[in-house]
Amino acid sequence: MENQENSPAAEIPVQTVEDIFTQRVNKVQELKNEGAKPFGEAFEGAEHVSIIREKFKDDSTEEVSCCAAGRLTAFRVMGKSIFADIRDSSGRMQLYAQKGHLSEEDFAKFKKLDIGDIIGIKGVLFKTRTAEITIKVTDYRLLSKSLRPLPEKWHGLTDVEQRYRQRYLDLIVNDVTRETFKKRFAIIREIRNFLEQKGFIEVETPMLQPIPGGASANPFKTFYEALNSPMYMRIAPELYLKRLLVGGFEKVYELNRNFRNEGMSRRHNPEFTMIEIYQAYGDCRTMMALIEELVTTVAMNVLGTLEIKHSEDKIINLSRPWRIAPYNDLIKEKAGNDWFEVSSEERLKRGREMGLKFEGTPPDFEVTHEIYEKLIEQTLIQPTFVTRLPAVLVPLAKKCEDNPSLVDVFELEINGQEVSPGYSELNDPIEQRRRFEEQTGSADAGKIDEDFLTAMEHGMPPAGGMGIGIDRLVMMLTGAESIRDVILFPQLRPKSN
RNA sequence: GAGUUGGUAGCUCAGUCGGUAGAGCAUCGCCCUUUUAAGGCGGUGGUCCCGGGUUCGAAUCCCGGCCAACUCACCA
């Protein structure tokens, strides 16, 4: 313990992460004293390591020089030479620093780098004995000193809570996380490209609304000081997008966040991303064709395949055409061909026999829908358009021409959950007003959006409309089992110290 | 909101019947010029989630709380 005077940082006994922090802060001070900049300036000219790797040619004797920047993720010191790994957004690259290729002083300083530091390097490519393309460092610069240790290199970071709360660590350490989010944002980009090519216009409508409408959900309430007026975070953009149909926009969509003041779960986050698409002069079938083409195009462009493997025995096949199954057919398939003829008592009895729980004497449609939600929906792994739903379930859509008790809509089910509802939109303002009044009569409804009704009274073209839950679409396309794995910063309860 | 499971070093995890708190990695020191979970030798590192209780003695048993995951409810 005597020969430490040449290494001031070592004088701090390392005990806790706070001590590591203190020791690194001291290193920063040392560097500053030596005239170095531990939190350096711009470092232009670096290429992605994936590009650099391509430049190496086995048969060439010419030296290929290169320039890279990234975070140190591993450090293997072997006396007078050092192997290290850096990672940039394109991947990992091995570095080799050798006494002889660097000055005595530079080599000593390189040796003092820590895992987690961000550095810029210049060097030449070579292949190691084990045939790994590696950069021999000829010059380097510290760009940002890391003051805190990274998670362990082998097991990484597995604690789910910490992965969500400190997503940056998850992204540094876990390849799967990084890939999932790259895919997420590629999917969103491809959706926009697709709709652009189809002549749709992306629009923006209010997220801060005086009357939250377009869905039945509990809104987040807030207050706008300047107007001395309560406001709500939107639960859906629907009523504003329909105003645009009135205004003459024929093909519009909005891809952004909605907010619902409900519980969170594996499938729910209080803020979630949804796209709503409307096409004037179309209907529900227009939208079915559109979403089939949209999802398959996006899957091919992002994943290069229509087969998505979730597990050994669960492979989702997006090949077209997708199954179309009328709601009542699915019910009869599950609950008996005579289901809609038998008495209410008989239906309750059969429901209970199938393991469902009912209290009191629920109306027939509730018993039927319980069968759909609890027993059928989760079995619809392959893409299925569930069509012709009971009108009582969907109050804001057009009725089927041949049967007024059914509405002309679809619910697209993939991977056992609803990915997208689509509608032949109601454009009759008198009927719309009647249904709003029916709703506000019920317990949880809000105020009627008179401005929206006024808009529709000016004439809204018949239209097809649909929404796609982007988070769930990404789950389906990436094989994620939890919505938190496809949202960068999912909602968690704030943690007090 | 209810039920189940969990929370131990910076990270990944052990911890027996209630009897001095453990390992690997990271970190620190020494050795090492083709390693890649580098290797060898030697160290440091703990509010055992928080607060009570039982006990001679609690990471361990009991009660309460916090946070998370899963299931359910609401919802997309």
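Computed from a predicted model, the values in this text were never measured in an experiment. Just so it is clear: chains get the letters A, B, ... in the order the sequence lines come, proteins before strands, and each one is counted from 1.
Picking from B:rA73, B:rU35, B:rA76 the nucleotide with the shortest atom distance to the side chain of A:R472 gives B:rA76. For A:Q162, whose side chain is taken as the heavy atoms from C-beta onward, the closest listed nucleotide among B:rC11, B:rA76, B:rU35 is B:rC11. Closest contact between the side chain of A:K27 and the listed nucleotides B:rA76, B:rC28, B:rA26 involves B:rC28. Side chain of A:E152, nearest nucleotide from B:rU35, B:rG24, B:rU27: B:rG24. Here the side chain of A:R165 is nearest to one of B:rC67, B:rA26, B:rC11, namely B:rC67. Side-chain atoms of A:R493 lie closest to B:rC67 of the nucleotides B:rC67, B:rC11, B:rU35. Among the nucleotides B:rG10, B:rC32, B:rU35, the one closest to the side chain of A:V77 is B:rC32.
Computed from coordinates, the A:I483 CD1 to B:rC70 C1' distance equals 16 Å when rounded to whole Å. Counting to the nearest Å, the P atom of B:rC30 and the NZ atom of A:K80 are 13 Å from each other. A:E161 places its CD atom 9 Å from the C1' atom of B:rG7, with the value rounded to the nearest Å. What separates CE of A:M78 from C1' of B:rU35 is a distance of 5 Å, to the nearest Å. Look at CD1 on A:I20: it is 14 Å from C1' on B:rG43, rounded to the nearest Å. Following rounding to the nearest Å, A:L356 (CG) and B:rC72 (P) show an atom-to-atom distance of 13 Å. Taking atom CG of residue A:L157 and atom P of nucleotide B:rC13, one finds them 10 Å apart after rounding to whole Å. Rounded to whole Å, atom P of B:rU27 lies 15 Å from atom NZ of A:K112.
Side-chain N/O atoms of A:R484 include one lying less than 4.0 angstrom from OP1 or OP2 on B:rC70. A:S81 has no side-chain polar atom (N or O) that falls below the 4.0 Å cut-off from OP1 or OP2 of B:rU34. For A:R163, no side-chain nitrogen or oxygen approaches OP1 or OP2 of B:rA68 to under 4.0 Å. One finds a side-chain N or O of A:R266 lying less than 4.0 angstrom from the OP1 or OP2 phosphate oxygen of B:rU71. Phosphate contact (OP1/OP2 of B:rC32, side-chain N/O of A:K111, threshold under 4.0 Å): absent. For the pair A:S216 and B:rC74, the criterion of a side-chain N or O lying under 4.0 Å from OP1 or OP2 is not met.
Pairing partner, B:rC11: B:rG24, with both Watson-Crick or wobble hydrogen-bond distances short of 3.5 Å. Both distances falling under 3.5 Å, in either a Watson-Crick or a G-U wobble arrangement, occur for no nucleotide opposite B:rA59. Of the nucleotides present, B:rG29 is the one that pairs with B:rC41 by Watson-Crick or G-U wobble criteria, both distances under 3.5 Å. The base-pairing partner of B:rC17, taking Watson-Crick or G-U wobble contacts with both distances under 3.5 Å, does not exist among the strands shown. Nucleotide B:rU34 is matched to nothing when pairs are restricted to Watson-Crick or G-U wobble geometry with both distances under 3.5 angstrom. Here B:rC70 sits opposite B:rG3 as a Watson-Crick or G-U wobble pair (both hydrogen-bonding atom distances under 3.5 Å). Pair assignment for B:rU47: none, as no Watson-Crick or G-U wobble contacts are both less than 3.5 Å.
For A:F126 and A:Y96, the ring centers are positioned less than 6.0 Å apart. The ring of A:F110 has its center closer than 6.0 angstrom to the ring center of A:Y140. Ring centroids of A:Y372 and A:Y327 are separated by less than 6.0 Å, placing the two rings close together.
Contact of A:T158 with B:rU12 (side chain to base): no donor-acceptor pair of N or O atoms is detected under 3.5 Å. For B:rU34, its base never sits under 3.5 Å from the side chain of A:R129 at any donor and acceptor pair. In the interface, the side chain of A:Q98 is not paired with the base of B:rU34 through any donor and acceptor atom under 3.5 Å apart.
Within 6.0 Å of atom CD in A:E34, more than 12 heavy atoms from other residues, nucleotides or ligands are found, so the atom counts as buried in its surroundings.
A:L492 comes within 4.0 angstrom of sugar-phosphate atoms only, judged by non-hydrogen atoms across all strands, and of no base. At a threshold of 4.0 angstrom between heavy atoms, the contacts of A:K136 with the nucleic acid are absent. Here A:N261 lies out of heavy-atom contact (under 4.0 Å) with every strand. Residue A:G156 is classed as a sugar-phosphate contact, given heavy-atom separations below 4.0 Å to backbone atoms only. In this structure, A:G263 reaches the bases: a heavy-atom distance under 4.0 Å links it to at least one base atom across the strands shown. A:Y164 comes within contact range of the sugar-phosphate backbone alone, with a heavy-atom separation under 4.0 Å but no base atom that close. Across all strands shown, A:N218 has no heavy atoms under 4.0 Å from either base or sugar-phosphate atoms. Note on A:F126: a base of the nucleic acid sits closer than 4.0 angstrom, heavy atoms only.
Taking atom C1' in both B:rU4 and B:rU20, the straight-line distance is 35 Å, to the nearest Å. Using C1' as the reference atom, B:rA37 and B:rA76 are 43 Å apart when rounded to the nearest Å. The same atom, C1', is picked in B:rA9 and in B:rG24; the two are 12 Å apart, to the nearest Å. Between the P atoms of B:rC11 and B:rU5, the separation comes to 25 Å (whole Å). The C1' atoms of B:rG64 and B:rC28 are separated by 42 Å, rounded to the nearest whole Å. Across the C1' atoms, B:rG40 and B:rG52 are found 50 Å apart, a figure rounded to whole Å. Comparing B:rC50 with B:rU8, their C1' atoms are spaced 15 Å from each other, to the whole Å. Taking atom P on both B:rG18 and B:rU60, the two are 11 Å apart, rounded to the nearest angstrom.
The aromatic rings of A:F436 and A:F452 lie tilted to each other, with the angle between the two planes from 30° to 60°.
At a cut-off of 3.5 Å, with distance as the only test, no side-chain donor of A:D85 or A:T73 sits close to an acceptor on the other residue.
Test A:K314, A:E481, A:Q378, A:Q382 against A:N415 for side chain to side chain donor-acceptor pair (under 3.5 Å) and you get one pass: A:K314.
With hydrogens and angles ignored, the 3.5 Å screen pairs no side-chain donor or acceptor of A:D471 with any backbone N or O of A:I483. Proximity of a side-chain donor or acceptor of A:E152 to a complementary backbone N or O of A:H155 within less than 3.5 Å is detected. Side chain of A:K221 to main chain of A:M233: no donor-acceptor pair is present (N/O by atom type, distance under 3.5 Å, no hydrogens or angles).
For the pair A:D471 and A:H155, nearest-nucleotide mapping onto RNA chain B gives the more 5' position to A:H155. Comparing A:R24 and A:A131 by the nucleotide of RNA chain B that holds the closest heavy atom to each, the one mapping nearer the 5' end is A:R24.
Stacking between A:F272 and B:rA76 is present: the aromatic ring centre lies within less than 5.5 angstrom of the base six-membered ring centre, and the two planes differ by under 30 degrees.
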